[in-house]
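Report on the following structure.
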Amino acid sequence: MPWRKTAEDRAREAAFYGDPEYKRNKAIVRRRSGGRCEVTEDGRRCGSRKGVQCDHVTPRAQGGTHALSNLRDTCQDHHRKKTAQEGGGWRRGSTPDPPLQRRTTW
């Protein structure tokens, strides 16, 4: 279940994504990637076009910037995987799935 955004959250996002440097560099990243995922695994580029979005390699919350060297296009699957790792396995404001219960007897 997604968390609800407060007015403060919406204002912070508007300032973040409305930054002229971010908008300019996002357009450059999109042209650079050709609208494809730029994540490289095992020496090969993913190249997926599924839900591509601009991602900060080092998150802003951890000192990252809107610089071109810190931005890349990622597909939906890679972005979700990275975001989960940053959040310790689940996103702030949501509850993790309950642990699986093993059946010890039949």
Side-chain angles (χ1 to χ4, degrees):
M1 178 170 137
W3 59 91
R4 292 182 185 261
K5 291 185 181 179
T6 64
E8 182 181 304
D9 290 337
R10 286 191 294 276
R12 189 174 29 248
E13 281 188 7
F16 181 84
Y17 293 111
D19 184 339
E21 180 187 15
Y22 176 71
K23 286 182 172 185
R24 180 179 59 249
N25 288 347
K26 179 181 175 183
I28 293 170
V29 167
R30 190 58 44 102
R31 284 193 303 269
R32 175 182 76 193
S33 71
R36 293 180 176 272
C37 180
E38 294 182 297
V39 175
T40 304
E41 292 178 344
D42 302 327
R44 290 189 307 234
R45 188 170 149 193
C46 172
S48 173
R49 290 184 185 259
K50 180 183 173 188
V52 174
Q53 51 196 309
C54 192
D55 177 48
H56 289 80
V57 176
T58 303
R60 288 286 307 257
Q62 295 175 5
T65 65
H66 292 313
L68 282 172
S69 60
N70 192 43
L71 295 174
R72 67 179 175 180
D73 271 350
T74 58
C75 65
Q76 190 174 29
D77 295 335
H78 281 117
H79 190 265
R80 210 178 275 142
K81 182 178 176 182
K82 179 181 178 264
T83 305
Q85 289 171 348
E86 291 168 354
W90 51 284
R91 297 199 60 171
R92 175 180 56 97
S94 65
T95 57
D97 293 333
L100 294 174
Q101 298 294 322
R102 290 191 174 190
R103 190 173 200 168
T104 55
T105 60
W106 289 94

Value for CZ (R24) from NE2 (H66), rounded to nearest 0.5 Å, stands at 10.5 Å
So OH of Y22 and CZ of R60: to nearest 0.5 Å the spacing works out to 10.5 Å
Separation between CZ (R10) and CZ (R12), nearest 0.5 Å, reads 11.5 Å
request  = Would you mind reporting whether V52 and R30 have side-chain heavy atoms less than 4.5 Å apart?
outcome  = yes
Tell me whether V29 shares a hydrophobic cluster with Y17, the cluster being built from Ile, Leu, Val, Met, Phe, Trp, Tyr side chains joined at under 4.5 Å.
yes
In this structure, SG of C54 is separated from CZ of R72 (nearest 0.5 Å) by 10.5 Å
Are R80 and T83 side-chain neighbours, meaning at least one heavy-atom pair lies under 4.5 Å?
-> no
*Just checking, any donor-acceptor pair under 3.5 angstrom between side chains of S33 and D73?*
yes
Of all heavy-atom pairs linking Q53 and Q76, the shortest is NE2-CA, 4.2 Å
From the list D19, L68, N70, side-chain contact (heavy atoms from CB on, under 4.5 Å) with N25 holds only for L68
Taken to the nearest 0.5 Å, the spacing of R36 CZ from S48 OG works out to 8.5 Å
When every non-hydrogen atom of R49 is compared with those of G35, the smallest separation belongs to CG-O, 3.7 Å
In this structure, CG of D77 is separated from SG of C37 (nearest 0.5 Å) by 8.5 Å
_Side-chain heavy atoms of H79 within contact of K82, under 4.5 Å_ = no
Point to revise | Shared hydrophobic cluster for L71 and V57 (ILVMFWY, side-chain gaps under 4.5 Å) | key: no
